[in-house]
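Accompanying notes for the structure given below.
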Amino acid sequence: VEKLKKTSPNDPMLMKITSLREDLGYIFFNRRAQFVCTQMLQTGQKLRVGVNFKGKSHSYVGTVVNSTENEIWVKPPTVKGKVVNMSKFKTFNLSIFRKNDGEYRFSTRLKSQITTPVNALVMEHTSKIKKLHIREHERYKLQFKRSFHLLVPGKKPTGADMEDQTQCLGTVLDISIGGLKFRTQNLPEKAVEGASMVFSLEEAKIKGEIHADVVRISEDKEGKNVHLQFQNLSELNRLYLQKFIASKNPIKI
């Protein structure tokens with residue numbers, strides 16, 4: 001495709017590239033296809049859109065509203081129902097997740113912001129994409145109190161089954177989009193490596209409980225440190241979690 005663009009930019013075949021790419025499965029949702037260019041993104045795809053303003057990072061979860069071979073349209077943020085004018089920002093930092101694969105990050109330039117036929121940030125495509133494997137997620141120091149519930153095998157984490165679980169209050173010490181570490185003084189006896197726990201994070205707009213496995217437990221004079229790895233967190237919830245972490249401006253570990 002790139003060779004054809006350079007040698008024959010007016011070739012009518014280029015008009016068919018988008019549909020051809022979809023027919024062949026070279027789209028982001030297909031994990032068998034390496035994510036090598038943003039032309040692979042399709043309408044409806046969720047991603048995190050970030051900008052740097054006065055030395056701080058700001059972000060929101062956006063949606064691809066249109067994608068052509070030449071540009072990609074992303075829904076702009078809104079405040080109190082009104083669309084925010086983002087035209088003063090020339091470069092945007094975006095990230096996206098693919099289930100059972102990892103996180104991808106890339107930067108792109110803004111071409112314009114339009115209001116018709118839809119409100120959209122019109123951005124340039126890019127092939128400069130960096131992949132962060134699941135084990136390489138950045139951890140951040142971010143402390144807050146949270147209740148954790150130990151799952152009982154064969155029981156669901158909601159409704160009346162909550163009575164069959166053991167609860168403990170802990171302080172989250174650090175967090176990433178792959179997991180977190182918390183400290184507690186009253187860790188349940190059955191909370192051992194390999195056990196499953198759930199907790200909520202409504203501040204990040206994540207609905208329902210987050211499931212996590214205990215991967216390591218250590219102890220110091222201040223209590224027991226429990227390392228959790230998130231399980232089956234959707235791509236959208238990962239974006240919300242990442243936005244929540246970024247909004248706190250934590251210290252990278």
Side-chain angles (χ1 to χ4, degrees), residues 1-52 58-78 83-134 136 177 232-243 246:
V1 171
E2 292 304 317
K3 183 178 180 181
L4 184 60
K5 286 180 180 179
K6 292 179 181 179
T7 58
S8 305
N10 298 318
D11 193 315
M13 178 60 70
L14 289 172
M15 299 294 295
K16 302 179 180 180
I17 295 299
T18 299
S19 59
L20 180 61
R21 181 182 284 109
E22 293 178 356
D23 291 342
L24 294 176
Y26 282 94
I27 54 177
F28 181 77
F29 292 109
N30 182 7
R31 294 197 301 272
R32 293 176 298 175
Q34 185 180 356
F35 182 43
V36 295
C37 64
T38 52
Q39 282 93 339
M40 295 173 68
L41 298 177
Q42 294 180 296
T43 301
Q45 178 66 52
K46 300 290 185 180
L47 35 68
R48 177 173 169 260
V49 185
V51 293
N52 293 317
H58 301 269
S59 65
Y60 72 98
V61 176
T63 305
V64 176
V65 294
N66 188 31
S67 181
T68 69
E69 198 61 30
N70 298 316
E71 57 194 27
I72 183 171
W73 298 8
V74 178
K75 190 175 181 179
T78 57
V83 175
V84 178
N85 184 355
M86 304 292 287
S87 59
K88 65 181 178 181
F89 298 104
K90 302 305 179 184
T91 303
F92 289 80
N93 302 313
L94 296 93
S95 62
I96 191 170
F97 296 94
R98 190 155 65 173
K99 190 175 181 179
N100 298 326
D101 183 11
E103 176 189 358
Y104 292 89
R105 295 181 181 179
F106 53 93
S107 297
T108 184
R109 292 185 60 82
L110 179 70
K111 299 176 68 175
S112 64
Q113 182 167 353
I114 60 175
T115 57
T116 57
V118 294
N119 286 307
L121 301 173
V122 182
M123 302 176 175
E124 296 178 353
H125 279 300
T126 182
S127 58
K128 295 181 179 179
I129 298 171
K130 178 182 179 181
K131 179 180 180 181
L132 274 69
H133 295 276
I134 294 176
E136 297 174 346
I177 56 172
N232 299 321
L233 197 63
S234 69
E235 290 91 332
L236 180 58
N237 282 340
R238 287 183 186 274
L239 290 171
Y240 281 132
L241 177 59
Q242 188 182 53
K243 181 180 182 297

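Predicted, not measured: the structure shown is a model, and the values here were computed from it.
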Under the side chain to side chain contact (heavy atoms under 4.5 Å, CB included) test, residues paired with T43 that sit two or more places apart:
none
Would you mind listing every salt bridge (charged side-chain N to carboxylate O under 4.0 Å, His left out) that reaches into residues 15-26, with sequence neighbours excluded?
R21-E69
Just how far is it from atom CG of N70 to atom CD1 of I17, taken to the nearest 0.5 Å?
11.5 Å
Mind listing the closest non-hydrogen atom pair of N52 and F89 along with its distance?
O-CE2, 3.9 Å
Is the shortest heavy-atom distance from the side chain of V84 to the side chain of Y60 under 4.5 Å?
no
Output for pair (T18 OG1, M40 CE), nearest 0.5 Å, gives 12.5 Å
Tell me, please, which residues at least two apart from K46 pass side chain to side chain donor-acceptor pair (under 3.5 Å).
T63
Side-chain heavy-atom pair I129, R105 within 4.5 angstrom cut-off:
no
The side chain to side chain contact (heavy atoms under 4.5 Å, CB included) partners of T78 (sequence neighbours excluded) come to V83
For T68, check side chain to side chain donor-acceptor pair (under 3.5 Å) against everything at least two apart and list the hits.
none
Does Y26, at its OH atom, have more than 12 non-hydrogen atoms belonging to other residues, nucleotides or ligands within less than 6.0 Å?
no
Got W73 and V64 here, is their nearest side-chain heavy-atom distance under 4.5 Å?
no
Could you check if a side-chain atom of L110 sits within less than 4.5 angstrom of a side-chain atom of T91, using non-hydrogen atoms only?
no
I'd like to check F92 versus M123 (side-chain heavy atoms, cut-off strictly below 4.5 Å). Are they in contact?
yes
Do the side chain of R238 and the main chain of I177 share a donor and acceptor less than 3.5 angstrom apart?
yes
Can you measure from CG (L132) to NZ (K130) and round to the nearest 0.5 angstrom?
5.0 Å
Restricting to salt bridge (charged side-chain N to carboxylate O under 4.0 Å, His left out), what partner residues turn up for R48, sequence neighbours left out?
none
Determine the minimum heavy-atom distance between A33 and G25, stating which atoms define it.
CB-O, 3.8 Å
For L20, all residues meeting side chain to side chain contact (heavy atoms under 4.5 Å, CB included), sequence neighbours excluded:
L24
Answer yes when E71 and K111 have at least one side-chain N-carboxylate O distance shorter than 4.0 Å, and no when they do not.
yes
Got a sec, which residues hit side chain to side chain donor-acceptor pair (under 3.5 Å) with S95, two or more places apart in sequence or on another chain?
Q242
To the closest 0.5 Å, what do you measure between CZ (R32) and CD1 (I27)?
10.0 Å
Test side chain to side chain contact (heavy atoms under 4.5 Å, CB included) applied to R98 - qualifying residues, sequence neighbours left out
F28, R31, F35, D101, Y104
Rounded to the nearest 0.5 Å, what separation is found between the OG atom of S234 and the CZ atom of F97?
10.0 Å
Mind jotting down which residue pairs meet the side-chain hydrogen bond (donor to acceptor under 3.5 Å, both in side chains) criterion with at least one end in residues 113-126? Sequence neighbours excluded, please.
T38-H125
Quick check: closest heavy atoms across F29 and Q45, and the distance to 0.1 Å?
CZ-OE1, 3.0 Å
Checking N93 now: which residues fulfil side chain to side chain donor-acceptor pair (under 3.5 Å) with it, not counting sequence neighbours?
S107
Could you go through residues 1-12 and list every donor-acceptor pair under 3.5 Å that involves a side-chain atom there, pairing it with any protein atom two or more places apart or in another chain?
unit_1	atom_1	unit_2	atom_2	d
T7	OG1	K3	O	2.8
D11	OD1	M13	N	2.8

Where do K90 and R109 land on the side chain to side chain contact (heavy atoms under 4.5 Å, CB included) test, with the steps shown first?
CA-CA 6 Å; K90 302 305 179 184; R109 292 185 60 82; 4.2 Å; yes
Check for a donor-acceptor pair, side chain of S67 on one end and backbone N or O of L41 on the other, with a separation under 3.5 Å.
yes
Any heavy-atom pair between the side chains of V74 and V65 that's under 4.5 Å?
no
What closest approach, in Å, do S112 and I114 show between heavy atoms, and which atom pair accounts for it?
OG-CG2, 3.9 Å
